[in-house]
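All chains are named by letter (A, B, ...) in the order of the sequence lines, taking the proteins before the strands, and each is independently numbered beginning at 1.
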Protein chains: 2
Amino acid sequence: MGIPKPAAERLARLMQLLEQRKDRESPVSSAELEYITGWPSHTIRKDISFLAAGNDISTPAGYNPARLAQAINGALGFARATHNCCVVGLGRMGSAFLEYGGFHDSLFTLCAGFDSNVNRVEILRADIPLYPAFKMKEIIPRLDITYALLAVPPDQARQTALRLAECGIRGIVNFTPVMLSVPPGVEVEQVSVLDALGALAARLAVGDKT
Amino acid sequence: MGIPKPAAERLARLMQLLEQRKDRESPVSSAELEYITGWPSHTIRKDISFLAAGNDISTPAGYNPARLAQAINGALGFARATHNCCVVGLGRMGSAFLEYGGFHDSLFTLCAGFDSNVNRVEILRADIPLYPAFKMKEIIPRLDITYALLAVPPDQARQTALRLAECGIRGIVNFTPVMLSVPPGVEVEQVSVLDALGALAARLAVGDKT
DNA sequence: TTGTGTGAAAGCTTTCACAGCA
DNA sequence: TGCTGTGAAAGCTTTCACACAA
């Protein structure tokens, strides 16, 4: 019954690609997806086969993008129109998200920012409301925010993550180089540059041929 | 002979943790590393066992941090003191790296920035030299830069990545939401927020218990 | 003929359990 | 006793090869 986690992650990415794609009508073949993603077509077909079919996703010329996206949506429980996110920590990194356009036509909406520095909160201009950090406990449930982008200074990372968990955050994208430990039920995705560089170096060293 | 790729990535991260760790003398046990990283101790021991031993890494009380770091270094070919990196695209995101402290005492050094906007290059203050983009072909080999942090606007991502590959870049950390296809021999690590959020959502949906 | 769908095989990684060492 | 080290088993994922459908 379960979709393997790697497959689920690929499907999630596939869906984002489908959303970006202008043409929502003409069918997309697994070969084309292979070209775009770099993943072999049989892997893609297999991944798609994990979605309990039912819907007629495929046509003789390939997959129907709209129905495919919908099926992934369903299977991964991306049921709601969008998931609400907040940025925590509005330094260079954090405030960069305030003007990041990528959230448009994605599954995620950035709908609040927090910083412990009240000054900064007042000075920054943004299209979304910014709050002092002590209001997290009030705002996060109120706005139904499930995900947090954590961009605070390293020494505040751990405690902030715990506070976020207490506020009901389910997933944290961790931009700090600090490794977080969070209560069960909360997921963390590490996106430190250093980790990324380390992973690259490791792959180059081991001689991967992805 | 080969170290499994997941193991290599964990080892790379382990090493970063070891570098951060103040105490470079007292031994560190696999149990302690489990606590810090969240990875089970047997996985850690196994990973370490992939490093062709030779060096006496371990003591009866645990691993010698310095020697362990050194062994990982050797096995992953992080032979050189540091790897040189550059930022490409100095918008909000890109310029955030100019003042990011995390590179200190890491394996990576940020040693140049590029932007196609000459104005921006001249106005920004930074501790590292900034260049207009057309100088990449000259500067990258000269400074022996192997890695690039790609933070240009989405519509320039693809072509910039190809240019970087031509300049001899071996690894690209891709901060744009665009999926890159690069020549063989070049590795890409995706760090778009959206991907991270997608992966989180996928994991939460599938019910992972990491 | 072109493309999907999928059981079964192959290939990796992780886990286990216990030997070995100080 | 406390910890590492490691073959062997278990568990996943990916790959393959071919059936099937339009």
Roughly, in whole Å, what's the span from [atom1] in [X] to [atom2] in [N]?
X	N	atom1	atom2	result
E9(B)	dC12(C)	CD	C1'	14 Å
L68(B)	dT4(D)	CG	P	11 Å
R67(B)	dT4(D)	CZ	C1'	14 Å
I57(B)	dT6(D)	CD1	P	10 Å
I44(A)	dT4(C)	CD1	C1'	13 Å

(request) Tell me yes or no: between the side chains of T59(A) and R67(A), is some donor less than 3.5 Å from an acceptor? (result)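 No - no donor-acceptor pair under 3.5 Å links their side chains.
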(message) Just by distance, no angles: are the side chains of S26(B) and R21(B) close enough, under 3.5 Å, to form a donor-acceptor pair?
(response)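 On atom types as modelled, these side chains qualify, holding a pair under 3.5 Å.
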(message) Please enumerate all residues that pass side-chain contact (heavy atoms from CB on, under 4.5 Å) together with A31(B), with sequence neighbours excluded.
(response)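 side-chain contact (heavy atoms from CB on, under 4.5 Å) list for A31(B), sorted by chain: S29(B).
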(message) Test of understanding: with side-chain contact (heavy atoms from CB on, under 4.5 Å), list the residues that count as partners of D47(B), not counting sequence neighbours.
(response)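 For D47(B) the side-chain contact (heavy atoms from CB on, under 4.5 Å) partners, ignoring immediate neighbours, are A7(B), R10(B), L11(B), T43(B), F50(B).
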(request) Looking only at non-hydrogen atoms, find the nearest pair between N84(B) and C111(B) and report the distance. (result)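 Closest approach of N84(B) to C111(B), heavy atoms only: CB-SG, 3.6 Å.
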(message) On DNA chain D, does the nearest nucleotide to G62(B) precede the nearest nucleotide to T59(A) from the 5' side, or the other way round? Give the residue.
(response)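 Whichever sits nearer the 5' end wins; that is G62(B).
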(request) Tell me which nucleotide among dT6(C), dG5(D), dA22(C) gets nearest to the side chain of I48(B). (result)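 Within the option list, the nearest is dG5(D).
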(request) Assess whether atom CG of D127(A) is packed by more than 12 heavy atoms of other residues, nucleotides or ligands within 6.0 Å. (result)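 Open: at most 12 neighbouring heavy atoms sit under 6.0 Å from CG of D127(A).
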(request) Can you tell me which residue pairs pass the salt bridge (Lys or Arg N to Asp or Glu O under 4.0 Å) test with a partner in residues 88-103 of chain A, sequence neighbours excluded? (result)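 Applying salt bridge (Lys or Arg N to Asp or Glu O under 4.0 Å) to every pair that reaches into residues 88-103 of chain A, excluding sequence neighbours, yields R92(A)-E99(B), E99(A)-R92(B).
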Distances under 3.5 Å only, N/O to N/O: pair up the protein atoms with those of nucleotides 14-20 of chain D.
{"from": "dT14(D)", "atom 1": "OP1", "to": "R10(A)", "atom 2": "NH1", "distance (Å)": "2.8"}
{"from": "dT14(D)", "atom 1": "OP2", "to": "R10(A)", "atom 2": "NH2", "distance (Å)": "2.6"}
{"from": "dT15(D)", "atom 1": "OP2", "to": "T43(A)", "atom 2": "OG1", "distance (Å)": "2.6"}

(message) Near DNA chain C, counting only heavy atoms under 4.0 Å, which residues of residues 28-37 of chain B show up?
(response)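 Within this stretch, nothing sits under 4.0 Å of the strand.
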Side-chain donor/acceptor pairs under 3.5 Å, residues 173-180 of chain B, sequence neighbours excluded:
{"from": "N174(B)", "atom 1": "OD1", "to": "T176(B)", "atom 2": "N", "distance (Å)": "3.0"}
{"from": "N174(B)", "atom 1": "OD1", "to": "T176(B)", "atom 2": "OG1", "distance (Å)": "2.7"}
{"from": "N174(B)", "atom 1": "ND2", "to": "V178(B)", "atom 2": "O", "distance (Å)": "2.7"}
{"from": "N174(B)", "atom 1": "ND2", "to": "Q190(B)", "atom 2": "OE1", "distance (Å)": "2.8"}
{"from": "T176(B)", "atom 1": "OG1", "to": "V178(B)", "atom 2": "N", "distance (Å)": "3.2"}

(message) So, OP1 or OP2 of dG5(C): does either fall under 4.0 Å of a side-chain N or O from Y63(A)?
(response)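 Yes, such a contact exists.
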(message) If the cut-off is 4.0 Å, is S58(B) near the phosphate of dG5(D), judged by side-chain N/O to OP1 or OP2?
(response)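 Answer yes for this pair, as a side-chain N or O of S58(B) is under 4.0 Å from OP1 or OP2.
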(request) May I ask you to decide if L194(A)'s main-chain N or O and S192(A)'s side chain share a donor-acceptor pair within less than 3.5 Å? (result)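 It does hold such a pair.
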